[in-house]
Each structure stands twice: as structure tokens, then as C-alpha cells.
**Q** 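Dumping the structure here so I can ask a few things about it.
Note that this is a predicted model, so its numbers are computed, not measured. Chain identifiers are assigned alphabetically (A, B, ...) following the order of the sequence lines, protein sequences preceding nucleic acid strands; residue numbering begins at 1 within each chain.
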Amino acid sequence: MIRTRFAPSPTGELHIGGARTALFNFLLARSAGEQGRFVLRIDDTDAERSRREFELKLMEDLRWLGLDWDEGPDGPGGVPCRQSERLGLYAEWMSRLREAGAVYPCFCSDERLGALRREQAARGEPPRYDGCCRALSSGEAERRIASGERPCWRFALGGEPIVFEDAVRGHQVFPSGTIGDFVLERSDGTPTYLFASAVDDLAMEITHVVRGDEHVPNTARQLAILDRLGCPRPVFAHIPMILSADRQKLSKRTGSTSIREYRERGFLPEGLVAYLATLSWSPGDAVSPFSLESLAGAFSLDRISRSSPLHDESHLLHWQREAMHRRGTARIRQEIAERDPRFGVLEDRMDILIGDLLDEHPLTGELERALAFLVERPAGERTEWMPSLASALGELEPWTEEELNGLLRAFMRERGMRGREFFHPLRLLLTGRERGAALPLVLLALGREEAVSRLEG
RNA sequence: GGCCCCAUCGACUAGCGGCCUAGGUCGUAGCCCUCUCAAGGCUAAAACACGGGUUCGAAUCCCGUUGGGGCUACCA
């Protein structure tokens with residue numbers, strides 16, 4: 001049995017990095033077939049920044065990408081999957097830790113903690129909590145609590161190094177002393193992410209934790225908790241973070257990275273998935289990156305690379321083009337008609353042009369603009385030869401691409417015009433654009449009546 | 001500063017001691033086609049960061065240097 005989870009905190013929109021983490025977790029679970037489960041958990045222990053609105057968007061975006069979960073906050077699993085709804089569970093495990101003497105109350109002020117860090121940095125030591133309050137007698141601790149002080153609770157780290165095998169990074173060692181006693185329960189009684197997440201992975205019987213490698217140091221801490229409790233460890237797989245073109249952590253400042261934004265710009269979910277699947281992992285030549293099933297069939301953790309890929313929109317665009325071609329013109333036409341009902345009446349006449357315009361305008365919105373001339377007549381200048389072209393077109397039989405092509409060329413030659421001299425003003429009048437699909441196709445799509453009418457004025 | 005990680009064409013990657021004169025894809029350049037922009041066809045430029053080892057043999061293993069990244073919170 002393989003159980004994976006994607007556990008975002010609902011403090012913002014789903015971005016490229018989060019989506020890839022979700023994808024890898026999804027693929028790992030699906031690669032196990034019937035034996036795999038993919039869980040969506042909402043890590044909202046940060047009450048300040050968590051918002052229900054983001055949670056809803058997150059789920060919508062995940063579904064849009066095709067990453068369906070087997071258990072999640074909206075229900076199929078039946079268990080609460082929001083950390084804010086599982087507070088009782090954390091309290092339960094906390095009292096176990098208290099009984100075991102694995103945690104202690106800490107009364108240190110922010111000021112003392114800040115000063116401590118500064119001193120340690122100045123001395124070239126790793127910054128960590130010095131265990132000051134560990135020495136407090138239980139009597140004194142009780143007295144201070146009784147007098148109204150609100151301590152946080154820290155985990156009392158043992159002296160042994162923490163060692164684990166990461167499924168992508170290999171053997172990991174954290175010597176004791178490199179990390180200090182960390183907070184499990186805040187002074188307001190709420191659990192920290194570190195604690196809630198460890199408890200949840202345990203309670204949800206998560207077998208594999210695939211997450212960004214910024215969590216590596218957290219893993220050591222979470223393992224310390226699990227070990228102290230004598231609980232089984234999940235397998236950890238830390239995947240490299242996706243960096244922006246300037247090799248920095250992806251942020252809003254480095255351009256669009258939110259899935260929602262890409263969606264609104266007209267990117268297709270299959271294209272996005274194919275792109276994400278090639279970042280730090282590659283499905284191999286024989287596998288179609290456009291199908292989640294085939295990706296799942298090829299997926300394995302040991303093929304994940306350890307170096308950070310750079311987010312590159314030109315690659316995304318390439319997968320987008322491919323995805324659009326795979327959708328086919330009929331389906332794209334329907335989508336455009338949904339966005340703008342005026343296109344609805346055109347039906348298959350749009351197909352004539354879509355194939356020709358797709359590569360240059362791989363995004364639905366752009367494509368829509370490139371086709372706009374079909375539904376709104378552009379203002380353009382008429383040359384003196386256009387009315388006679390109109391009457392020639394009026395008599396053309398049959399109205400086909402080949403005949404149109406022949407007529408245009410013959411007309412151009414008769415008048416002694418060069419290609420550009422003839423086609424350019426014609427294109428401008430009919431489409432309002434400098435560039436676009438081949439003109440016989442433009443005429444074919446417009447239809448005889450409309451084409452003649454535009455030329456006559 | 002401390003701890004950890006990473007390092008193949010501009011980018012995504014294949015490569016897991018001999019199959020490497022390093023393969024593919026995107027991008028770039030040129031040519032063909034052409035009314036335009038693309039697409040398509042053909043071609044080209046383009047990488048094992050550097051220095052030491054180990055080995056008959058290293059892009060692949062080890063060490064160092066350099067460069068990049070992550071973490072260093074009562075955020076996640």
C-alpha cells in the first residue's frame with residue numbers, strides 16, 4: 001500500500017512548484033494502482049494567514065489539472081482533512097509527549113531568543129535554542145504557569161544524530177547540536193506546522209512524503225518526534241525546488257507562476273502537466289507526457305534529479321502547442337464559442353483557420369483575438385481594384401480553397417501586381433491585421449457573401 | 001557566519017566505469033517553401049565548472065576549489 005499526500009497551506013494560490021509537488025505525489029500513488037491512495041490535506045495551522053478562499057481555489061486548480069484525490073477536506077474519505085479540525089488529535093499526542101517527558105515548557109521571551117541568535121551568529125555557531133528552560137524544575141514551571149505566564153512547549157532533543165535515507169537524496173545525517181530544541185506547541189496552545197504535520201502523516205498512515213527540499217531540516221525534527229514516540233517513519237523524498245530564471249526562489253515578482261494565472265491566460269492543463277513532469281524528472285521518450293495514466297506508469301522516485309530546474313516559459317509554451325494540437329480544432333472552436341457566443345454561429349468555418357493559426361497563437365485568448373475579424377468587420381482602406389475583385393469572387397465556382405487560390409493569383413497577375421502589393425492591403429482590409437492565415441483560407445472562412453461585402457464597402 | 005544540498009549545450013534533460021567523437025527536446029542562426037507570421041523540411045553553432053586523485057580506462061567514483069541554492073521563526 002502506498003499512501004501519499006499533498007498538504008498545502010491555504011495562504012496563497014497554487015503555484016508551479018506546489019503543483020509539481022502535488023503531481024509527483026499523485027503519480028506515486030497512482031503508480032501503485034489499486035494499492036495507492038492520494039490524500040489532500042489542508043495545513044492551516046497558521047491561522048493568521050490561512051484563508052478559506054485560498055483553500056477553495058487550491059482544490060479547484062488541482063481538479064482542473066486532473067489531480068483528483070481519494071481523501072480530502074470535501075469529503076470522499078469522510079475524515080476531517082483540515083488541521084484546524086484536528087486539534088484534538090494534536091492535543092492527545094502532546095499529552096503523550098508530556099507524560100514521556102519528551103517536551104518541556106519554555107518561558108523565554110522573544111528578546112532573549114533574538115539576543116541569543118545574534119550572539120551565536122557572532123561566535124560562528126549554528127543558531128539554535130540553548131535549552132535554557134529545560135533546566136527549570138517542574139515546581140517552578142508550575143508556579144510560573146499558575147501566575148499567568150504562557151509558555152510554549154519545546155521538544156527535548158536527544159544526543160544522538162538523526163539519520164535517514166531520503167528516496168531522492170540518499171543518506172542524510174543531522175548531528176545533534178546542529179538543531180536546537182524546537183517548538184511543538186505555541187504559547188496560545190496551537191500546534192506548529194512541524195508537529196501537526198508529523199502527527200498527521202502518522203495518523204493518516206502516509207507511507208511516502210514527497211515535498212520540496214526546503215523541508216529537509218524539518219524532516220530531521222519530525223523524525224526525532226516520531227522516533228521518540230516509537231512510531232514508524234514514512235519514506236521521505238525531497239524534490240528540488242523550481243527556481244526562476246535568475247536562479248532565485250520563485251515568487252510573484254518573477255512573473256506569473258500561479259496555476260490560476262496560466263489557466264486564465266489560456267494554458268491547457270495537459271500542457272502544464274507535461275511541462276511539470278519534465279522538471280527534475282523525465283518520463284522517457286516512449287511515454288506520452290500528456291496522459292496522467294502513462295506518466296503514472298513510468299513514475300519512480302529514484303529517477304528524480306537532485307538539482308534545481310529553472311522555470312522557463314518557452315518550454316511551457318512548447319507543451320502548450322502540443323497540447324492544443326492534440327485537442328483538435330473542433331474542441332478548440334467550441335471553447336472559443338463558450339468564451340464569446342458570437343463565434344457560436346460560425347461553427348466549422350473557424351476550423352479552417354484554427355489549424356493555420358495554432359502555432360503562432362497557442363493560447364486560447366490569443367487565438368480568439370486572431371479570429372476576431374470573423375465576427376467584427378475591421379475598419380480598413382479600400383484600393384481601387386477591390387470592387388472588381390469582389391465581383392470576380394461573386395461569380396467564383398466552386399467556392400473552394402484551390403479555386404480561391406487560383407483566382408487570387410490570376411487576378412494579381414492580370415493587374416501586374418507583386419505578391420506583397422496585392423496581398424498586404426487585402427489582408428488588412430479583411431482581417432485588420434498585418435499577419436495571419438493564408439488568404440484563400442481567410443476568404444473561405446468569411447464566406448462568399450461577407451467577403452464580397454467587405455470588398456465592395 | 002553555521003549546517004545541508006547541487007553542478008552535462010542558453011534552458012529542460014539522457015547518461016548511473018568502456019556502447020560518448022556526449023544523445024534528445026525547447027530556444028537560437030542559416031537555407032528551402034512562401035502574400036505575411038508560424039508550421040514543415042534540411043543544416044549549423046552550442047555542454048561534461050575548475051584542479052587533484054582512484055583506475056588499463058571517468059561526464060560517471062573520491063577529495064579540494066569555485067559558483068549556485070535551501071535552511072537557520074512560537075511561517076509553512
Side-chain angles (χ1 to χ4, degrees), chain A residues 7-12 43-46 48-50 83 106 108 110 113-114 117 120-129 150-154 166 168-170 172-175 177-180 182-194 196-197 211-218 220 238 240-241 243 245 247-249 275 278-282 284-285 302-303 305-319 321 325 355-362 370 405 408-409 412 417-428 431 433-440:
Chain A
S9 49
T11 56
D43 282 10
D44 57 354
T45 50
D46 183 352
E48 286 280 290
R49 297 193 300 147
S50 294
Q83 292 190 325
C106 170
C108 291
D110 287 346
L113 262 18
R117 273 194 289 274
Q120 288 168 331
R123 268 182 273 137
E125 288 170 17
R128 63 215 190 287
Y129 183 61
R150 308 299 314 271
C152 65
W153 289 76
R154 287 183 187 270
D166 189 288
V168 343
R169 311 181 124 210
Q172 305 284 306
V173 182
F174 287 81
T178 54
I179 41 185
F182 48 92
V183 175
L184 297 190
E185 190 180 284
R186 302 187 185 105
S187 46
D188 66 1
T190 59
T192 58
Y193 159 79
L194 216 49
S197 177
R211 54 175 13 174
D213 63 9
E214 73 269 27
H215 285 289
V216 172
N218 288 337
H238 290 99
M241 309 180 62
L243 268 25
R247 290 174 200 278
Q248 298 302 303
K249 210 168 158 173
Y275 170 67
T278 60
L279 259 29
S280 300
W281 181 71
S282 60
D285 291 341
D302 55 18
R303 280 179 55 82
S305 122
R306 276 183 288 266
S307 55
S308 299
L310 268 34
H311 175 46
D312 184 341
E313 221 170 271
S314 72
H315 285 133
L316 212 204
L317 233 23
H318 165 250
W319 294 114
R321 278 197 191 93
H325 279 293
D356 215 54
L357 291 170
L358 214 48
D359 291 299
E360 201 189 350
H361 306 284
N405 193 34
L408 290 177
R409 280 174 196 286
M412 176 176 81
M417 283 186 281
R418 297 172 151 272
R420 192 170 167 75
E421 233 183 307
F422 173 62
F423 285 102
H424 185 73
L426 194 52
R427 175 184 303 284
L428 221 44
T431 72
R433 296 187 149 228
E434 300 269 341
R435 306 183 300 220
L439 275 166

**Q** Name the closest nucleotide to the A:R306 side chain, picking from B:G70, B:C6, B:C35.
**A**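 Taking heavy atoms from C-beta onward, the closest nucleotide is B:C6.
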
**Q** C1' atom, B:A22 versus B:A58: distance in rounded Å?
**A** 13 Å

**Q** Check the distance between B:G70's P and A:D166's CG and give it to me in whole angstrom.
**A**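 Taking CG of A:D166 and P of B:G70, I get 18 Å after rounding.
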
**Q** Whom does B:C71 pair with, Watson-Crick or G-U wobble, provided both distances fall under 3.5 Å?
**A**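 In the structure as shown, B:C71 has B:G2 as its Watson-Crick or wobble partner.
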
**Q** In whole Å, I'd like the distance from the CG atom of A:N218 to the C1' atom of B:C4.
**A**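 Roughly 13 Å, once rounded to whole Å.
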
**Q** Identify each atom pair where a protein N or O and an N or O of nucleotides 40-48 of chain B are less than 3.5 Å apart, giving names and distance.
**A**
none

**Q** Need to verify one output field. Residue with the more 5' nearest nucleotide on RNA chain B, A:L357 or A:T178?
**A** A:T178

**Q** Between P on B:G27 and CH2 on A:W319, what's the gap in Å once rounded to a whole number?
**A**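 Checked: the CH2 to P distance equals 11 Å.
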
**Q** Write down the distance separating the P atoms in B:C9 and B:A59, rounded off to the nearest Å.
**A**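 Nearest-Å result for B:C9 against B:A59 at atom P: 15 Å.
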
**Q** Using a 4.0 Å heavy-atom cut-off, does A:G436 contact any base of the nucleic acid, only the sugar-phosphate backbone, or nothing at all?
**A**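 Base contact.
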
**Q** Sugar-phosphate atoms are those with a prime plus P, OP1 and OP2; base atoms are the rest. Using that split, label each nucleotide of nucleotides 8-13 of chain B B, S or - for protein heavy atoms under 4.0 Å, 5' to 3'.
**A** ---BSS

**Q** Name the nucleic acid region contacted by A:M241, choosing base, sugar-phosphate or nothing; use a 4.0 angstrom heavy-atom cut-off, strictly under.
**A**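 A:M241: backbone/sugar contact only, no base atoms under 4.0 Å.
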
**Q** Would you indicate whether the side-chain heavy atoms of A:W281 and A:L279 approach each other to under 4.5 Å?
**A**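 A side-chain contact is absent here, since even the closest heavy-atom pair is not under 4.5 Å.
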
**Q** Looking only at side-chain atoms of A:D43, point me to the closest of B:C74, B:C35, B:A76.
**A** B:A76

**Q** Roughly how far apart, to the nearest Å, are B:U60 and B:A47 at atom C1'?
**A** 15 Å

**Q** Measuring only the P atom in each nucleotide, how far is B:C26 from B:G40? A whole number of Å is fine.
**A**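 About 8 Å, rounded to a whole number of Å.
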
**Q** By side-chain hydrogen bond (donor to acceptor under 3.5 Å, both in side chains), which residues pair with A:D43, not counting sequence neighbours?
**A**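 With neighbours one apart ignored, the set is A:R41, A:Q83.
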
**Q** What integer distance in Å separates A:L439:CG from B:C37:P?
**A**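 After rounding, the gap between these two atoms is 13 Å.
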
**Q** Taking the side chain as C-beta and beyond, is there a heavy-atom pair between A:E48 and A:T11 under 4.5 Å?
**A** no

**Q** Specify the separation, in whole Å, of atom CD of A:Q172 and atom P of B:G70.
**A**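 In whole Å, B:G70 P lies 17 Å from A:Q172 CD.
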
**Q** Which part of the nucleic acid, if any, lies within reach of A:V183 when heavy atoms closer than 4.0 Å are counted: base, sugar-phosphate only, or nothing?
**A** sugar-phosphate

**Q** Among B:C74, B:C35, B:C71, find the nucleotide with the atom closest to the side chain of A:E214.
**A**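 My answer, after comparing the listed nucleotides, is B:C71.
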
**Q** For B:A7 and B:G17, measure between their P atoms and round to the nearest Å.
**A** 16 Å

**Q** On RNA chain B, compare the nucleotides closest to A:R186 and A:R123; which residue's is nearer the 5' end?
**A** A:R123

**Q** What's A:P217 touching, base or sugar-phosphate or nothing? Going by heavy atoms closer than 4.0 Å.
**A**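 Answer is sugar-phosphate: A:P217 comes under 4.0 Å of backbone atoms only.
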
**Q** Report yes if the side chains of A:T192 and A:R186 come closer than 4.5 Å at any heavy-atom pair, otherwise no.
**A** yes

**Q** The side chain of A:Y193 is closest to which nucleotide in this list: B:C37, B:A76, B:U25?
**A** B:A76

**Q** P atom, B:C62 versus B:G18: distance in rounded Å?
**A** 16 Å

**Q** At under 4.0 Å, does any side-chain N or O of A:R303 touch on OP1 or OP2 of B:G15?
**A**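 Checking A:R303 against B:G15: at least one side-chain N or O falls below 4.0 Å of OP1 or OP2.
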
**Q** Please give, in whole Å, the distance from B:U72 C1' to A:F174 CZ?
**A** 11 Å

**Q** Using a 4.0 Å heavy-atom cut-off across all strands, classify A:S187 as base, sugar-phosphate, or nothing.
**A** base

**Q** To the nearest angstrom, how far is A:H238 atom NE2 from B:C4 atom P?
**A** 16 Å

**Q** Both distances below 3.5 Å, Watson-Crick or wobble geometry, any strand: find the nucleotide opposite B:C42.
**A**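 Pair assignment: B:C42 / B:G30.
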
**Q** Contact class for A:P440 vs. all strands (heavy atom < 4.0 Å): base, sugar-phosphate, or nothing?
**A** base

**Q** So which atom in A:Y275 and which in A:L310 form the shortest heavy-atom distance, rounded to 0.1 Å?
**A**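 In this case the closest contact between A:Y275 and A:L310 is OH-O, 4.2 Å.
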
**Q** Donor-acceptor pair, distance only, cut-off 3.5 Å: does the side chain of A:R306 make one with the backbone of A:V168?
**A**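 Checked: pair present.
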
**Q** Take atom C1' in B:C20 and the same atom in B:A29, then report the distance between them in whole Å.
**A**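 To the nearest whole Å, 26 Å.
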
**Q** Regarding A:D188, tell me which of base, sugar-phosphate or nothing describes its non-hydrogen contacts under 4.0 Å with the strands shown.
**A**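 Counting heavy atoms under 4.0 Å across all strands, no contact is made by A:D188.
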
**Q** Rounded to whole angstrom, note down the C1' distance from B:G67 over to B:A73.
**A** 29 Å

**Q** Regarding A:R128, tell me which of base, sugar-phosphate or nothing describes its non-hydrogen contacts under 4.0 Å with the strands shown.
**A**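 Counting heavy atoms under 4.0 Å across all strands, no contact is made by A:R128.
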
**Q** Using a 4.0 Å heavy-atom cut-off across all strands, classify A:H215 as base, sugar-phosphate, or nothing.
**A**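 Base, at least one base heavy atom under 4.0 Å.
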
**Q** Side chain of A:R427, heavy atoms from C-beta onward: which of B:A39, B:U72, B:U36 has the nearest atom to it?
**A**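 The answer is B:U36, which lies nearest to the side chain.
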
**Q** For B:U60, what is the paired nucleotide under Watson-Crick or G-U wobble rules, both distances under 3.5 Å?
**A** none

**Q** A:R117 side chain N/O closer than 4.0 Å to the phosphate oxygens (OP1, OP2) of B:A73?
**A**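 For A:R117, the contact criterion (side-chain N or O under 4.0 Å from OP1 or OP2 of B:A73) is met.
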
**Q** Give the rounded distance in Å between these two atoms: CG of A:L243 and C1' of B:G67.
**A**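 So the two atoms are 14 Å apart, to the nearest Å.
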
**Q** I want to check one thing: is the phosphate of B:G69, taken as OP1 and OP2, less than 4.0 Å away from some side-chain N or O of A:Q248?
**A**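 It does, given that an N or O in the side chain of A:Q248 lies less than 4.0 Å from OP1 or OP2 of B:G69.
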
**Q** Tell me the partner of B:A11, counting only Watson-Crick (N1-N3 plus N6-O4 or O6-N4) or G-U wobble (N1-O2 and O6-N3) with both under 3.5 Å; none if nothing fits.
**A**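 Pair assignment: B:A11 / B:U25.
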
**Q** What does A:A122 touch in the nucleic acid at a heavy-atom separation under 4.0 angstrom: a base, only the sugar-phosphate, or nothing?
**A** nothing

**Q** Between A:R427 and A:T431, is there a side-chain donor-acceptor contact under 3.5 Å, judged purely by atom types and distance?
**A** no

**Q** Under a 4.5 Å cut-off applied to non-hydrogen side-chain atoms, are A:Y129 and A:C108 in contact?
**A** yes

**Q** Any idea which heavy atoms bring A:C152 and A:S187 closest together, and the distance?
**A** CB-N, 3.8 Å

**Q** Counting only side-chain nitrogens and oxygens, does A:R154 get under 4.0 Å of the OP1 or OP2 atom of B:C74?
**A**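 Yes, A:R154 has a side-chain N/O under 4.0 Å of OP1/OP2 on B:C74.
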
**Q** Indicate yes or no for a side-chain donor-acceptor contact from A:R303 to the backbone of A:S282 under 3.5 Å, with no hydrogens or angles considered.
**A**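 Checking the backbone N and O of A:S282 against the side chain of A:R303, a donor-acceptor pair under 3.5 Å is found.
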
